[in-house]
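The block underneath contains the structure these notes are about, expressed in structure tokens.
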Amino acid sequence: MNRVLEHRAGKRLAMLSLGLAMLGCVSNGIATAAPTTIKERYERAAEFLPWRVSKLVHGASVQPNWSADGRSFWFEEDTVSGARYWQVDLQGPRKTLLTARPAEVSDSSSKPARATEPGWTVSPNGRWAVDLDDNQIIRVDLLTGQRTPLTTDGVADYRYGSLNGGLTLTRKRRNDPDAPFGTWSPDGERFLTYRVDERQLHKQPVLMATEPGKAHQLPSVHFNNTAYRYSPKMQRADLMIFDMRDGGRLDLRVPKPFVASNSGVSWSRDGSTVFVGLSDPGGVTSTAYAVDAKSGESRALVTDSREAEIDLRQRFSYLGNGEQVVVYSMRSDWGHLYLHDGRTGRLIRPLTQGEWAVSGVVRVDERQRVVYFTAKGRERGHHPDHAHLYRVSLNGGAPVLLTPENAQHDVSFSPDGKWFIDTHSTVTTAPVTVLRRADGKASLELVRADISQLQAKGWQPPIPFSVKSLDGRSDLQGVLYLPHDLDPTQSYPLIESGYFDGDFIQWQFLGSLSWHGSALAMSQLGFAVMEFEGREAGYRSSKTRLHFEDPQMTEPSFYDDRIHAMRELDKRYPFIDVSRVGVYGHSNGGWRAARALLQHPEFYKVGVAGAGSHDYGTWRATAPPKPGQREFEYPTNMEIAGNLQGKLLLMHGLIDDNVHVAQTFQLAQALIDHGKRFDMQILPELTHNNLWQSGYVNLRTWDYFVENLLHLTPPDVQLPEPGGAGGH
């Protein structure tokens with residue numbers, strides 16, 4: 001407690017923090033009582049669980065319903081008193097409050113004559129649907145209801161329109177229908193899909209030990225077709241088009257994708273060409289193909305030999321029938337856009353350039369010859385991780401900024417491309433949604449989020465911070481969450497929350513409320529909680545970025561940057577105690593949380609690892625490794641289990657069909673073999689995605705840090721579940 005006295009140089013910051021603490025119990029004039037017992041802290045933290053906080057913010061976004069003529073749209077606004085509806089006339093533009101929700105427009109040209117069923121994929125003209133039945137593609141005539149098999153040779157592990165031999169266990173337990181994957185031609189008469197060969201894959205067993213609601217339960221086993229890293233046995237797909245009018249089938253003569261999905265597959269505007277973007281093993285080189293939709297013959301348009309940070313859906317954007325292609329490439333060490341001739345593959349011109357990165361292609365306007373894209377790091381004085389919308393001409397010239405606010409911008413265009421809706425916010429400022437013309441001119445404010453209920457709970461915004469990387473070459477960003485009733489004369493343990501790969505931090509308002517777990521709720525217990533993006537974060541120079549499979553990222557730079565950042569925070573805020581550091585994460589974050597204690601036992605004292613992929617060599621894979629790439633040169637967590645000194649809690653859902661529970665069991669056995677004391681919690685009915693969405697899992701995580709960092713006895717409470725079950 002007296003360590004604050006050692007921070008004479010931080011006195012000014014301490015006084016600033018004291019001011020923050022004094023404001024901690026007052027938010028916009030609304031008084032809130034500070035908790036005095038650990039039970040009251042739990043009760044307060046429970047109010048800031050993601051599924052509770054989300055209900056306290058109203059009007060955070062707008063989902064427009066555009067009219068067929070493009071002259072108007074309506075949207076629903078979520079308010080404290082309930083939903084209300086607005087009509088927006090684009091001729092003004094102006095908005096009008098409606099007395100009721102608008103009725104659905106009846107349009108016989110776009111509505112099926114018969115009701116559709118869950119799991120059907122319906123054509124855009126409403127004439128046809130595609131269903132899956134016994135591994136086959138079924139055509140459904142929505143005028144007559146007639147069902148016609150389009151295939152007869154599908155089998156369980158070599159089936160049409162879906163991966164993993166059908167539904168995964170997670171989807172089966174949700175009673176999700178097995179809807180066929182694919183994409184319709186613009187006229188709605190042809191369906192592009194694939195057949196996936198999984199016959200050589202490992203049958204990964206998932207034990208279901210419980211069956212909710214039944215007495216005398218018997219265990220059963222579900223099998224997932226699974227490919228593993230460094231294995232030559234991968235999903236391979238055949239692409240094909242089915243013609244709904246005559247039932248004809250056209251096989252596309254392109255190289256087989258390693259994993260079949262809609263990524264990288266699209267139609268030309270006139271429906272005469274199919275575009276397919278494919279990556280080679282390891283995802284380094286990618287090639288765009290144009291396929292004649294009548295003959296199935298293909299030709300390569302352009303090849304890029306650099307890795308990209310965006311998926312194949314945005315790696316290539318096509319003009320006409322492939323006469324020109326916009327390519328996203330890291331060839332300049334930053335992610336930028338390049339215009340290529342689709343007939344020769346040659347570069348016509350760079351469209352963007354500089355020490356900043358394009359983060360996504362939003363729209364290509366062929367008539368105006370303009371590309372709309374998002375980018376980070378271009379605007380001086382702006383947060384480097386805020387995405388802005390820009391426009392650049394295909395004929396050359398500098399990009400034009402369309403969303404000038406220093407904030408994270410999420411945009412969606414009208415169908416005709418003349419307007420876009422922009423919702424912008426930061427981690428400290430609430431969302432504002434505006435209607436803008438395509439040139440960026442703000443025309444109408446649609447909604448300003450109401451956070452009064454959140455403020456009434458005593459919410460305080462987090463503190464964004466920046467530190468230099470350990471090598472001094474990069475500016476690294478983070479967010480710090482502090483207790484509501486912060487007392488700068490006291491000492492607070494520091495906990496790191498993270499996914500630890502790529503762009504973990506969501507830089508919009510309440511971005512911490514992700515499926516990874518809530519730093520906001522955790523801080524209410526009496527912790528300083530840090531979210532941090534190291535050099536592994538995307539959309540920066542490839543010369544300074546640490547890549548996921550680069551051994552240097554883990555040994556040692558990955559954690560060195562984090563430890564360096566926490567020591568910097570310790571200097572800036574004397575109330576932070578880096579002698580008591582915890583870490584928690586889920587999935588990749590679970591691997592990293594456990595590894596932090598194993599690799600740096602001198603620094604990390606307590607960790608909670610949820611659904612950790614502790615050996616990436618046996619985690620499911622979506623593509624083969626890069627040519628010549630060996631297995632990770634750094635050891636698995638199992639191989640360094642003997643390093644454990646601190647307190648480690650392993651948590652995993654038994655029916656996890658993403659990261660198998662065997663990974664946690666194997667790390668547990670390695671710890672046992674070394675005689676290490678640790679804790680483990682297996683959740684019988686939790687999957688991969690809902691582990692951190694569990695009130696019970698959050699409760700056990702809180703307990704572990706409270707016991708081992710605060711050295712207090714956790715109270716006898718129950719946290720609410722997302723579905724409403726449970727309480728204090």
Side-chain angles (χ1 to χ4, degrees), residues 61-62 64 66 70 73 88 90 93 266 269 308-311 313-320 323-332 334-342 347-425 432-446 507-508 538-539:
S61 63
V62 166
W66 299 95
F73 67 90
V88 178
L90 297 177
S266 61
R269 189 183 299 272
E309 295 180 299
I310 58 178
D311 63 29
R313 288 172 293 183
Q314 298 190 351
R315 186 78 184 265
F316 303 107
S317 302
Y318 308 93
L319 284 82
E323 289 80 13
Q324 292 184 334
V325 185
V326 177
V327 180
Y328 178 99
S329 175
M330 297 284 292
R331 67 188 67 168
S332 69
W334 293 85
H336 281 297
L337 302 179
Y338 300 84
L339 182 64
H340 281 256
D341 188 318
L347 173 67
I348 297 175
R349 67 178 59 88
L351 298 177
T352 64
Q353 55 190 328
E355 294 187 354
W356 51 277
V358 172
S359 56
V361 177
V362 178
R363 179 183 175 87
V364 177
D365 188 327
E366 292 190 48
R367 291 185 178 179
Q368 300 296 323
R369 288 189 59 77
V370 167
V371 178
Y372 295 90
F373 64 92
T374 56
K376 299 181 179 184
R378 185 175 184 268
E379 305 306 312
R380 290 188 177 182
H382 285 210
H383 194 288
D385 288 300
H386 285 162
H388 295 273
L389 181 69
Y390 297 85
R391 180 186 65 197
V392 67
S393 172
L394 293 169
N395 299 323
V400 177
L401 174 66
L402 303 180
T403 54
E405 296 85 358
N406 184 7
Q408 170 68 27
H409 292 264
D410 295 309
V411 302
S412 64
F413 271 83
S414 62
D416 61 11
K418 295 180 180 180
W419 304 84
F420 67 90
I421 292 174
D422 170 27
T423 298
H424 56 85
S425 67
V432 176
T433 301
V434 297
L435 175 69
R436 298 182 188 270
R437 299 182 187 274
D439 61 6
K441 181 180 179 182
S443 297
L444 183 67
E445 181 177 302
L446 299 177
W507 290 100
Q508 69 267 32
Y539 308 115

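Computed from heavy atoms alone, side chains included, the values below leave out hydrogens, waters and symmetry copies.
- Heavy atoms only, all atoms of each residue included: D422 and T403 are closest at OD2-CG2, 3.6 Å.
- Listed by chain and residue number, H383 satisfy the ring-ring contact (aromatic ring centres under 6.0 Å, His included) test with H386 (two or more places apart in sequence, or in another chain).
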Test side-chain contact (heavy atoms from CB on, under 4.5 Å) on L319 and R369; report intermediate values, then the result.
CA-CA 9 Å; L319 284 82; R369 288 189 59 77; 3.7 Å; yes
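- Looking at H409 and T423, their side chains never come closer than 4.5 Å, going by heavy atoms from C-beta outward.
- Minimum interatomic distance between L435 and V88 (heavy atoms only, all atoms of both residues): CD2-CG1, 4.2 Å.
- Side-chain contact between W507 and S425 is absent, with no heavy-atom pair separated by less than 4.5 Å.
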Given side-chain contact (heavy atoms from CB on, under 4.5 Å), test F73 with L90 step by step and report yes or no.
CA-CA 8 Å; F73 67 90; L90 297 177; 4.0 Å; yes
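- Residues S359 and T374 have side chains that bring a donor and an acceptor to within less than 3.5 angstrom of each other.
- Annotation: side chain of E323 is not in contact with side chain of Y318 (no heavy-atom distance under 4.5 Å).
- In this structure, R363 CZ and S317 OG are separated by 12.0 Å, a value rounded to the nearest 0.5 Å.
- V362 is listed as a side-chain neighbour of F413, based on a closest heavy-atom distance under 4.5 Å.
- Applying the side chain to side chain donor-acceptor pair (under 3.5 Å) rule to pairs touching residues 347-356 yields H336-T352, sequence neighbours excluded.
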Given I348 and H340, is the side-chain contact (heavy atoms from CB on, under 4.5 Å) satisfied, shown in steps?
CA-CA 5 Å; I348 297 175; H340 281 256; 5.7 Å; no
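- The shortest non-hydrogen separation linking R313 to D311 is NH2-OD2, 2.8 Å.
- Residues L347 and P350 approach most closely at CD1-N, 4.3 Å, considering heavy atoms.
- Residues in residues 394-406 take part in these salt bridge (Lys or Arg N to Asp or Glu O under 4.0 Å) pairs, two or more places apart or across chains: E405-R436.
- Minimum heavy-atom separation, P415 to W66: CD-CG, 3.5 Å.
- Interatomic distance, OH of Y338 versus OH of Y328, reported as 9.5 Å (0.5 Å rounding).
- Open room surrounds CD on Q368; 12 or fewer heavy atoms of other groups in view lie less than 6.0 Å from it.
- Contact record, G381 with N406: O-ND2, 3.6 Å, taken as the closest heavy-atom pair.
- Within the 3.5 Å criterion, the main-chain N or O of V392 finds no donor-acceptor partner in the side chain of Y372.
- Of the possible donor and acceptor atoms, none in the side chain of T433 sits under 3.5 Å from a partner among the backbone N and O of L446.
- Put simply, the side chain of D341 does not reach to within 4.5 Å of the side chain of Q324, judged on heavy atoms.
- Between D365 and R367, no side-chain nitrogen of the basic residue sits less than 4.0 Å from a carboxylate oxygen of the acidic one, so the salt-bridge criterion is not met.
- Distance alone, capped at 3.5 Å, is enough to place a donor-acceptor pair between the E366 side chain and the G320 backbone.
- For S412, the side chain to side chain contact (heavy atoms under 4.5 Å, CB included) partners are I421, not counting sequence neighbours.
- The side-chain heavy atoms of P399 and R378, taken from C-beta on, include a pair separated by under 4.5 Å.
- In this structure, H424 and Q408 have side chains that are not in contact, with every pair of non-hydrogen atoms separated by 4.5 Å or more.
- Judged purely by atom type and a 3.5 angstrom limit, R437 has no side-chain atom pairing as donor or acceptor with the backbone of W419.
- Taking 4.5 Å as the limit, some side-chain heavy atom of L337 sits within range of a side-chain heavy atom of V361.
- Residue pairs meeting the salt bridge (Lys or Arg N to Asp or Glu O under 4.0 Å) criterion with at least one member in residues 386-396: none, sequence neighbours excluded.
- Once rounded to the nearest 0.5 Å, the distance linking CG of L402 with CG of L389 reads 4.5 Å.
- Evaluation of the ring-ring contact (aromatic ring centres under 6.0 Å, His included) rule for F373 yields Y390 as partners, not counting sequence neighbours.
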